There are 2 protein chains.
Amino acid sequence: MPYDSSKLLDATNLAILRELQQDARLSYSELSRRVGLSVPAVTERVRRLEDAGIIEGYGVRLNFEALGYGITALIELSAPPSRYPQVLAFCEQTPEIRESYFVTGDSSYVVRVVARSVQHLQEIIQRLGTFGNTRTSVVLSSPIIKTSFDLEGLKR
Amino acid sequence: MPYDSSKLLDATNLAILRELQQDARLSYSELSRRVGLSVPAVTERVRRLEDAGIIEGYGVRLNFEALGYGITALIELSAPPSRYPQVLAFCEQTPEIRESYFVTGDSSYVVRVVARSVQHLQEIIQRLGTFGNTRTSVVLSSPIIKTSFDLEGLKR
DNA sequence: ACTGAAATCTGTAAACC
DNA sequence: GGTTTACAGATTTCAGT
């Protein structure tokens, strides 16, 4: 339920979010030690951040390379609006497609995919190609993937 | 330390990863109930997945819109190799840049940025523009952002 | 809103199969 | 690798401020 209530972003809650970004499996007792409040107070604050929709959930950061998915690519797809539902359905049922963005500019969709080999990537490109023109950029390296966001700018 | 040891990806560990992807704050006792092993067995398995580099860490999924960063954009940057170190340093110190990819094709970099307003986005684009030509695609919607990966394909 | 304390549940380490 | 046991630590609930 993302309705703001900007008071939720006081210095203590920003500290809580900072800690959870670095290690979401921190115990409440350790978290409360770090932010200087009692355990029930911190537990309640986290619950409210979840209820407000600021915290959407907790995830594990997986190393796709170690899982055998050594290739990442960004694929731009230009497709007529009439095919959007089909494109969406395809993206949803294809696990290799990690995210899709509907963007301004000459390409309608940009998707990020992971693949086990160039053959595997080619398959995905060909399937996307049935919806429209594609333009693929293979990722050579990902110098920056930030796992936490500096929330300092949110202080009022 | 990502050296595989592919035996780490048996059905039980895939189940553990599946559960942690959905909720990384699950207790070990709940996790062990779900995968049908004792608590110490599951704790040890998670420790090994971490040691092998398959699990890189645990994070909180934040709603950037609720945090006031309502705009996402993909910016392609073409810059000469001599400027890569500067570009990298800029990306690293700019919190709004969430990830950067070095890619094949005519653009050397693709970055994903979040911004609080179009003015804010413009600032970032202008700063990136000091390194080379930019091409910005504003994200209109993100129909798919997957928070978990179907690991079924890894079964041997 | 936060604290502190009690009851219950969970994590950790050791001994063993 | 796995389990069981036993102790230490963490979570939840609630009365009090």
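Quick note on labels: first sequence line is chain A, next is B, and so on, each numbered from 1. Being a predicted model, the structure only gives us computed values, none of them experimental.
A/Tyr58 and A/Leu14 fall within a single hydrophobic cluster, where Ile, Leu, Val, Met, Phe, Trp and Tyr are joined by side-chain heavy atoms under 4.5 Å apart, directly or via other members.
Qualifying side chain to side chain donor-acceptor pair (under 3.5 Å) partners for B/Gln21, counting only residues two or more places apart in sequence or in other chains: none.
Within the 4.0 angstrom heavy-atom criterion, no nucleotide atom of any strand lies near B/Arg47.
Taking every heavy atom of both residues into account, A/Val60 and B/Leu17 meet most closely at CG1-O, 4.4 Å. Smallest separation of non-hydrogen atoms from B/Leu128 and B/Leu77: O-CD1, 3.6 Å. Residue A/Arg45 comes nearest to A/Leu37 through the heavy atom pair NE-CD1, 3.6 Å, listed as atom of the first residue, atom of the second, then distance. The minimum heavy-atom distance between A/Asn63 and B/Gly53, with the atom names listed, is CB-O, 3.0 Å.
Along DNA chain C, read 5' to 3', the first and last nucleotides having any atom under 4.0 Å from a heavy atom of chain A are C/dA1 to C/dG4.
Every pair passing salt bridge (charged side-chain N to carboxylate O under 4.0 Å, His left out) that includes a residue from residues 118-135 of chain B is listed here, sequence neighbours excluded: A/Glu76-B/Arg135, A/Asp106-B/Arg135, B/Glu76-B/Arg135.
Using a 4.0 Å cut-off between charged nitrogen and carboxylate oxygen, A/Glu50 and A/Arg47 do not count as a salt-bridge pair.
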Listing, residues 82-94 of chain B side-chain donor-acceptor contacts under 3.5 Å, not counting sequence neighbours, or none:
residue : atom : partner  : partner atom : Å
B/Arg83 : NH1  : B/Thr130 : O            : 2.8
B/Thr94 : OG1  : B/Phe90  : O            : 2.6

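Considering only heavy atoms from C-beta on, B/Leu20 comes within 4.5 Å of B/Ile55 through its side chain.
Taken together, the paired segments of DNA chain C that extend over three or more consecutive Watson-Crick or G-U pairs, each closer than 3.5 Å at both contacts, are C:1-10 with D:8-17, C:12-17 with D:1-6.
The stretch residues 22-37 of chain A touches DNA chain D through A/Ser27, A/Tyr28, A/Ser29, A/Arg33, each having a heavy atom within less than 4.0 Å of the strand.
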